[in-house]
Amino acid sequence: MPLMSFSATLTTAPIAAAERTAILADPGFGRFFTDHMATGEWSSEQGWHDLRVRPLEPFAMHPGAGVLHYGQEIFEGLKAYRHADGSIHLFRPDRNAARFARSAKRLAMPELPPELFLAGVEALVRADAEWVPPHGDEASLYLRPIQFASETFLGVRPSARATFCVVGSPSGAYFPGGVTGIKLWVTTKYTRAAEGGTGDIKCGGNYAGSLLAQTEAREQGCDQVMYTSGPAENRVLEEAGTMNLMLVTADGQLLTPGLGTILEGVTRASVLEIAAEHGLTAVEREIPLSELLDGLRSGHVTEVFASGTAAVITPITGLAGDGFDFVVGAGVPGPKATALREHLLGIQTGDLPDTRGWVRRVC
Ligand code: COI
């Protein structure tokens, strides 16, 4: 295949510098978008083509487009950080590229070659470099690649057309109280995934199905939902609404549910890799809910936290469900979660050495 790249047509009407500076000072999460988007098209006749960075604008979509009917849609989330010298870096984008292709395959969509995924993300970051927040805290430019079925056709079969797009959204903490700790609601009413399903890929449908569970969690006074799977008498931990789960034990283990029906998080993988540097032995296995609850009662589980691109590392300081309501540890972020978070953010922001080759310079 000839080398393809993204052409760039820059906007003549960017958001004013003063407005952009005000947004970057307090971006929140997912509220604001940059001036451009990267897009590409796929058709069964032409393959991937029309790769462009262009001014951000709404899609014109036929009401018969496949994504609107059968939910053929996948996405990714990754971040660009500004280092102290002003340069801009992505964190392990190759992992997102590979997962994007896996997600596409599972939804019977064309797999975007990882080099095109990276080219699209990087071309957008270059066009919107001024939208990457200043170095200094955890603020970053969150990048959201998506791919969806764009053929106009109502038959139930894989779409013969797909659209790829990357948008950028400056972001601060995902949870307003993220660093101070959040409370999870363990739902027994809803599940997020089943074996052979789509729990291990990143598709919009997984999150659509999670919204009612998230509403239930809110009604219970919690910040987010925690899923379990398996029969009522032997429930095992899955993941939280938008994050993977991790437990720290008094004997120095870092426990996390094994892969299968959960998302293979980039942050999850990174935390497991640096665990030993924090005196923790990383263990991936099935974790019964009863083991977590017993561990919280006895003090064997000293910390619980969640990991994700948007959430980085978010301490879980409370856990409630049918018939239980625990304060985790001392009810404040634990030392291991705090140290792991600082370590990861240090690598991402360039304040700590990147000994594993995880950060990729864009410009
Ligand atoms: C992420 O952490 O990047 C996610 O995609 C989770 C969520 C915001 C949907």
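Every number for a ligand or one of its atoms is a count from 1 in the order of the listing.
Under the 4.0 angstrom criterion for non-hydrogen atoms, M243 is not in contact with ligand 1. Heavy atoms of R144 approach ligand 1 to within less than 4.0 angstrom.
Close contacts of ligand 1 with G77, meaning ligand atoms under 4.0 Å from a residue heavy atom, involve 3 (O). Those atoms of ligand 1 that come under 4.0 Å of a heavy atom in K202, given as number and element, are 4 (C), 5 (O), 6 (C). Within ligand 1, counting atoms from 1 as listed, the ones closer than 4.0 Å to a heavy atom of F75 are 5 (O).
What sits closest to atom 3 (O) of ligand 1 on the protein, heavy atoms only, is Y142 OH, 2.6 Å. Closest to atom 9 (C) of ligand 1 among all protein heavy atoms lies Y207 CE2, 3.7 Å. Nearest protein heavy-atom neighbour of atom 2 (O) of ligand 1: A310 N, 2.8 Å. Nearest protein neighbour of atom 8 (C) of ligand 1, counting heavy atoms only, is Y174 CE1, 3.7 Å.
Side-chain atoms of N244 come within 3.5 Å of backbone atoms of L263 as a donor-acceptor pair (strictly under, hydrogens ignored).
The pair E76-R144 fails the salt-bridge criterion, with no side-chain N (NZ, NE, NH1 or NH2) lying under 4.0 Å from an Asp/Glu carboxylate O. Between E264 and R268 there is no salt bridge, since no side-chain nitrogen of the basic residue lies less than 4.0 Å from a carboxylate oxygen of the acidic one.
Only one option out of E151, E45, E41 pairs with R161 in a salt bridge (Lys or Arg N to Asp or Glu O under 4.0 Å); it is E45.
Under a cutoff of 6.0 Å and an axis angle of 45°, R157 and F153 form a cation-pi pair.
Taking the six-membered ring where the residue is Trp, the centroids of W42 and F164 are separated by 6.0 Å or more. In summary, the aromatic rings of Y142 and Y174 are positioned with their centroids too far apart to meet the 6.0 Å limit.
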